[in-house]
Amino acid sequence: QTKQVIGVSIPAADHGWTAGVVYHAGVAKTQLEKMYPNAQIIVKTAKDANEQANQIQDLYTINKISALVILPQESAPLTRPIAALKAKGVFITVVDRGLTDPKAQDAYVAGDNPGFGNVAGRYISKALGAAGGNVVILRGLPTVIDNQRNDAFNAAIKSNAKIKVLDAKFGNWNRDDAFKVMQDYLTRFPKIDAVWASDDDMAAGVLKAIQQAKRSDIRLVLGGAGMKEMVQRLIKGDALITANVTYPPSMIADAMRLTVAHVAGGKPIAASTIIPSVLITKANAAQYYFPNSPF
Amino acid sequence: MQRLPVTGSSVAEATELIGFQNIYKAFGAVEVLRDLSFGVRHGEIHALLGENGAGKSTLMKILGGYHAPSSGQVLLEGREVHFRSSRDAEQAGIVLIHQEFNLAEDLTVAQNIYLGHEPGGALIDDRAMLRGAREVLARLKVDLDPARRVRDLSVPQKQLVEIAKALSRQAQILIMDEPTATLTLRETDALLDLMGRLKSDGVTILYISHKLGEVKRVADRVTVLRDGRYIATDDAANLTQDQMATLMVGRELEEMFPEQAVPASDLLLEVEQLSVPGWAQRVSFGVRRGEVLGFAGLVGSGRTESFEGLVGLRRHTVTSVRVAGRPVRIRSPQDAARVGLTYLSEDRKGKGLLVDFPLAQNLTLTTLDLYAHPLLDPAAEHRAMVRAARDSNIRAGRLDVTAGSLSGGNQQKLALARILEADPRVIVLDEPTRGVDVGAKREIYHLIHQLAQAGKAVVVISSELNELLGLCHRLLVMHEGQLVGDLSGEQLNEQEVILYVTGLKSQCPAGVSVRPGAAGASG
Amino acid sequence: MSVSDTPLTPPARHSLLARVAALGPLLGLLTLMVVATLLNSDFLSFSNLTNILTRAAFTGIIAVGMTFVIISGGIDLSVGSMAALIAGSMILIMNALVPHLGNGWSTIVVGMVCALVIGGLAGLFHGVIITRGRIEPFIVTLGTLGIFRAVLTYLSQGGSISLDQDVGDHYGPVYYGSLLGVPVPILVFTLVALLGGVILNRTRYGRYVQAIGSNEQVARYAAINVIGVKIATYVLLGLCVGVATLLYVPRLGSASPSTGLLWELEAIAAVIIGGTALKGGHGRIWGTVVGAVLLVTIENVLNLTNIISVYLNAAVQGVVIILVAFFQRGNRR
Amino acid sequence: MSVSDTPLTPPARHSLLARVAALGPLLGLLTLMVVATLLNSDFLSFSNLTNILTRAAFTGIIAVGMTFVIISGGIDLSVGSMAALIAGSMILIMNALVPHLGNGWSTIVVGMVCALVIGGLAGLFHGVIITRGRIEPFIVTLGTLGIFRAVLTYLSQGGSISLDQDVGDHYGPVYYGSLLGVPVPILVFTLVALLGGVILNRTRYGRYVQAIGSNEQVARYAAINVIGVKIATYVLLGLCVGVATLLYVPRLGSASPSTGLLWELEAIAAVIIGGTALKGGHGRIWGTVVGAVLLVTIENVLNLTNIISVYLNAAVQGVVIILVAFFQRGNRR
Ligand SMILES: Nc1ncnc2c1ncn2[C@@H]1O[C@H](COP(=O)(O)OP(=O)(O)OP(=O)(O)O)[C@@H](O)[C@H]1O
Ligand SMILES: Nc1ncnc2c1ncn2[C@@H]1O[C@H](COP(=O)(O)OP(=O)(O)OP(=O)(O)O)[C@@H](O)[C@H]1O
Ligand SMILES: [Mg+2]
Ligand SMILES: [Mg+2]
């Protein structure tokens, strides 16, 4: 059997979650190359959509890949470049961020962004109970996935009429910015019951701001994506962190596994694999704890 | 000439403080100084004369520690010295006043004067600095606030700061490279007096100037260079100004000022009620075709600002401007250029030339449209430069160097050549012979008259009274922003003009301007 | 201070050494290409080389305009945001035109014209505020950097703006097509660079730009319309951004808040690596072109090989940039 | 020159108008504060004001160092990355020291010293390469911008490096603590600013920095050690980055590839808004301080209100920056 080159193109590690993606991709590469001696896997990271488009071009031109697993930095701008590769016969597996034209891909492995928002929204409305309360939101960066999550969250939280969303501002998936936004929320709103930080990196910043302001009105901070420090706090029984919502960076490894099995092992692959977002609570936390991952 | 004793022997006399021995200096392939030897005595004022580009500044920079000679020795009290920096030279008591300003424009006067020598301990003693600066300025009889930023000063004021800076260093040997080039009567007088006092304090002064009258007045001895070679040294008392000029140029100079032709009667430029806020009020005058009109005045009298206003470089108001009888509105230098009015700035380095640009590109800057069809033709620009170098006698080692590497006088000639390229109808020259040697001065004077005869109107702003008197048909005098005199004919003599210049005499009550047409009547 | 430091103008400019140093960026690029070929012989393949040049076209075209701005003594930090805004507006306009003009060339041409007009207007705005308003260009364009991108984010409501699929199919050849085997973006880049070179070195305007950067006062006294020339440099840059964007849109078919992120840094770096002084006064277009290609080549080489940790890509880029600058340092004044 | 030779009116610089214009950034800040108070009266609360000043402390401290670099005619684009690298290294060092020195102050002090040393060394590296290597500071620091952050990313393997929990608890007061009711970062910021002001305006070194920025040749002729002074500005800036970082680390107790992102732009903007010329020569520390506070205040005001779309935040920032610059333009040369 001829050597199959599989390209993996993912965003550069610029915050916790993407760091997890890079980590899991690296781990999967080692495992899979051992499992399939006829497969060579090349992992590339890109800092933006433009660089990623360049990168997959290079993977095709120079490395002569036969399959590509890609977690697009952004959906729309990468649709065309990916379609161009598919037209040249490369097997395409898209991860997490759906392309604007699904015809450009062969397989799709994704987390569930609306589900992520939905699970979070339902948890908060339940946790605040019948009395309801005030909620502030920290959004990520202005992108399609952030819009999807935010819309689903808002829809879900409507189920509890007593809940009032005070404001939603961008924390840029960044601890620092989340810290500042939260500081200002605390100045502005005398009573906040729950914070949807929508990401564990941001939740870390939010917690520090609350700690500094010595505010006791906040009952709950909900992050997301299952960062190991947060899961650990959950296991320890932190007062504010009572739950988390998965959006596992390890989905890249799943996608790689499926793709390599397909092109190097001839196994069939489903057109679409959705990895659902689930609620982590103290009860099931242990199984989502990866101490070796950077995330 | 043959009676001049040539003392440039290679053995320095015992009484000599400074000895130059067989100095050579080359910049790349360009030889600037060749086998120069002469001595300077203790406590004398020793003038250094020579044409533009003769190598005077270069030699002084060698003495001041800014350049090293390519070969040859500099002796100080008979001992050979090797200065590796100006700081070394300063430690030996030698301080140089640069021909081109070396001031940090963002710093204040006092900060510049003390740059590198700030008084005080860990913290600078600002008060001592201001006090000290005020003292040196007072010695120069300059009334200048030492807390002002140099950027806001005029050219002459900057020159005075440059001098004050050197004075504050308590030099034993003071090198002055054309310190009076930008100064008017009064500051020049004060400076020459001060030089006398310094001399009696035992300071040795090396003095470069193209103003031979001054040389005659203060110098003890004179050394002449030509083309980087030593020519002669003699007591100043033994030489007339004409002899000095002859030595410099190497041949007899004819009459400095050309015959004046009679101007036509029609006015090429008429200006009514020109005011530049803060600098000049209601200045009105006219210039005839073929006329050379002089503007005299002290520093700060507003001549420069008036004309900068007129050509649209400053905010100004004016009742009317006519060029060749047609009313024009001038809001920018481009407007002025369009109607054939050009202005040569007195600030050569700051406003005149692009020192980092090649000569040709400086020459053609205002007249680029002549070389664009529609693409620029560098070959044509080069040809123009060759022509201009010949016509204006610009001496450069090669023509592809940058303007900044020309000697001061040659830069001035280049700046002048540029504004003539535009073939203007009315030419305003602000200090056109600043830093120019006698030979070249004469050429410029003749050029001015050729321009006048060719039917142009020429306005000359100058701080050299002799120049104005010899050159101009008519002289307007400004004092404190106002025209106070319109002198011609008999009135064109030094005593009379000085009375007006210093404000002791005025033709009209302050605020009432001289009518342009009234020239004849008052004369 | 040693004596040898002091000459007023370095006579060395004319020496052989200086001539070689002036070629610094080119030598850097060649060295890099040799290394790349040794690492992976496919580097020199025709398709890889055209890939590199095509990619260099975007920031390259912008960098040509930036060269003028920098030579004149200015700077423009907003070009990346401007590109994003132009891309977004252009797509919205074209999408809106489809019902009226169809999804063919008439729509696309109108879109392209709009790209140029928006770029030109943005440049005009910069130029006027900077010259008439007398505000540091750094500040003005730092401000518009935020403004342009924010407006795009608002237009896209945080998501992305996608071009109508059919229009995109017609528009595609502008990026993906080629003429005589040369991809269109490379042709346009070449054209822009040649034109830029001619304008800078062979026209009055170019000379004035250099003169103003060298000494603004002198230029003013020499009856040069300083304000007009300066404004024109920003307009020119705006137009270049417009051209780059109208080549870029068919490639990715969309615009989002992250479009054109950090292009300003890349464009400015290309200019400076190419040997133009950040303080203005003199510079050269070919240097800028080499600079732009060099930056893309570094990225390409990193994609071609696997020898260092992915985390260290940026470090390699940094080291190469410094090394290239070191090669050409003899040329600095 | 007698009294009668003095000009008719004092030059405009010394006029009332010029004095007011010189206060431009301060007026901008005050206006903004008035608007903010009208929008949300909590703005003026003690805790909000200390929040603002504390946040301003990081980029503010860096901006003080940057003021020196810019006045001397240089620039440093790498400060954000440098902060990230210092934070990461410092945390790793402290974590490694816990077994030996315990989790108390001795570990922390060693960590702090390391922060300063790393910052100083990075600055020294910049200074030497820029002066001795004669490379444009823009290029050198653009290179190290990539290098520093890449090294941190490598060290953290893309994730974040977290400080040992117990050390963090001991270290916390350096950020969260206060002295006489004033948070420590504000105190340090004040101290650094005062020191910076004294050094810039009252010491020889400060004077030389200005002289070099104004005219390097003149400085050299005045026998100033130009190279030494320039290197020292970068070292000073490196130390400032070190100080800022050692205040910052206890705040979040971690460093990640996104730590300090874009701080360089913020620091440079603070300097320029404060009235220092990008071309160097003159500047003022108090202006920089006001600039830093102003930038943070804009952000704070935007967070405190809800009147415009979140998507337009950056646009408001941009407009305010340009407006403030417009206020003080009279002050420009
Ligand atoms: N750094 C330099 N590089 C090249 N040529 C130089 C340099 N400095 C001076 N020269 C040349 O050396 C010659 C002598 O210049 P210098 O300045 O000494 O003349 P000068 O006698 O002072 O003239 P002026 O009266 O015009 O000031 C000139 O031809 C000048 O072009
Ligand atoms: N207080 C002051 N503030 C600003 N500038 C001053 C002041 N005092 C004097 N000056 C400067 O004095 C200079 C001389 O004035 P001006 O140029 O109008 O005189 P002038 O008659 O042209 O004399 P000259 O051409 O001989 O210098 C002005 O350029 C101006 O800058
Ligand atoms: Mg000279
Ligand atoms: Mg004057």
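Letters A, B, ... mirror the listed sequences (proteins, then strands); counts begin at 1.
- With rounding to the nearest 0.5 angstrom, the CG atom of Leu376(B) is 5.5 Å from the CZ atom of Arg207(C).
- Between Leu344(B) and Tyr221(C), every side-chain heavy-atom pair lies at or beyond the 4.5 Å cut-off.
- For Gln361(B), the parts lying under 4.5 angstrom from a heavy atom of chain C are both the backbone and the side chain.
- Using a 4.5 Å cut-off between heavy atoms, Thr342(B) makes no contact with chain C at all.
- Around atom CZ of Phe125(C), no more than 12 heavy atoms belonging to other residues, nucleotides or ligands sit under 6.0 Å away.
- Of all the listed residues (Asn225(C), Ile224(C), Ile199(C), Val218(C)), the one sharing the greatest number of non-hydrogen pairs under 4.5 Å with chain B is Val218(C).
- Looking at Asp369(B), the atoms closer than 4.5 Å to chain C (heavy atoms on both sides) sit in the backbone and in the side chain alike.
- Atom OG1 in Thr203(C) sits 9.0 Å away from atom CG in Leu368(B) (nearest 0.5 Å).
- At least one side-chain heavy atom of Val198(C) sits under 4.5 Å from a side-chain heavy atom of Leu375(B).
- Interface check for chain C: of the options Pro333(B), Gly312(B), Ala336(B), Ala422(B), the most heavy-atom pairs under 4.5 Å are formed by Pro333(B).
- Minimum heavy-atom separation, Ala223(C) to Gln334(B): O-CG, 3.2 Å.
- Contacts between Arg338(B) and chain C at a heavy-atom distance below 4.5 Å are absent for every atom of the residue.
- Applying the 6.0 Å contact sphere to NE2 of His117(B) captures more than 12 heavy atoms from other residues, nucleotides or ligands.
- Neither the backbone nor the side chain of Glu216(C) comes within contact range of chain B; no heavy atoms are under 4.5 Å apart.
- Taking the side chain as every heavy atom from C-beta outward, Phe357(B) and Gln210(C) approach each other to under 4.5 Å.
- Contact of Thr366(B) with chain C is made through backbone and side chain together, with heavy-atom distances under 4.5 Å.
- Residue with the most contacts toward chain B among Gly206(C), Ala222(C), Ala219(C): Ala222(C) (heavy-atom pairs, distance under 4.5 Å).
- Annotation: the span from Leu365(B) atom CG to Arg204(C) atom CZ amounts to 12.0 Å, rounded to 0.5 Å.
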